[in-house]
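As structure tokens, the structure follows; a few thoughts come after it.
Bear in mind that the values here come from a model prediction, so they are computed numbers and not experimental data. Residues take their numbers from the sequence shown, with the count starting at 1.
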Amino acid sequence: AVWNSPFQSEGSIRTCPVMLNGYVWFGDVRGYFYALDYNDGKTMKPGYPVYLGAAVTSDLSASNTDGDETPDTLYIGTEDGRMHTIDIGP
């Protein structure tokens, strides 16, 4: 299946998006990190986008830190050499 979104970032998207917990997560080269609703592809999760301070060009990594089976944390690297963690829980 192909997923298409009407959303368009103002900066290039060079990350591999991740679909978790009903959202598509990705960053752009302007340093913004997004969470779009998977069902409609245009509604942003409340509190997003988040500005990380530098271009997001690395792939995302997800992990489970609370012991259940659902990933709840994303790890994102940015061009300024920083590693960011974002809680993606409900």
- Which atom names give the shortest non-hydrogen contact between Ile88 and Thr73, and what distance separates them? CG1-N, 3.8 Å

- At their closest point, which heavy atom of Leu20 faces which heavy atom of Ala62, and how far apart are they? CD1-CB, 3.5 Å

- Here the gap from Met83 atom CE to Ser58 atom OG, rounded to the nearest 0.5 Å, amounts to 6.5 Å

- Minimum heavy-atom separation for Ser9 to Asp28, with atom names? OG-OD2, 2.7 Å

- Pro17 versus Val24, closest heavy-atom pair with distance: CB-CG1, 3.8 Å

- Task: Measure centre to centre between the rings of Phe26 and Tyr34, then say whether the value is under 6.0 Å.
- Result: yes

- Message: What I'd like to find out is whether the side chain of Leu74 reaches to under 4.5 Å of the side chain of Phe33, using heavy atoms alone.
- Response: yes

- Message: If we ignore hydrogens and angles and just use 3.5 Å, is the side chain of Ser12 paired with the main-chain N or O of Val29 as donor and acceptor?
- Response: no

- Message: Rounded at 0.5 Å granularity, tell me how far CD1 in Ile76 sits from OG1 in Thr78.
- Response: 9.0 Å

- Message: To check you understand the geometry: which heavy-atom pair defines the closest contact between Pro6 and Lys42, and what is its length?
- Response: CG-CB, 3.8 Å

- Task: Return yes if some donor-acceptor pair links the side-chain N/O of Asp37 with the main-chain N/O of Thr43 below 3.5 Å, else return no.
- Result: no

- Would you kindly confirm whether Met19 and Tyr75 end up in one hydrophobic cluster when ILVMFWY residues are joined by side chain heavy atoms under 4.5 Å apart? no

- Minimum heavy-atom separation for Trp25 to Leu60, with atom names? O-CD1, 3.3 Å

- Side-chain heavy atoms of Leu36 within contact of Ser5, under 4.5 Å: yes

- Message: If you define the side chain from C-beta out and look only at heavy atoms, does anything of Tyr32 sit under 4.5 Å from Tyr51?
- Response: yes

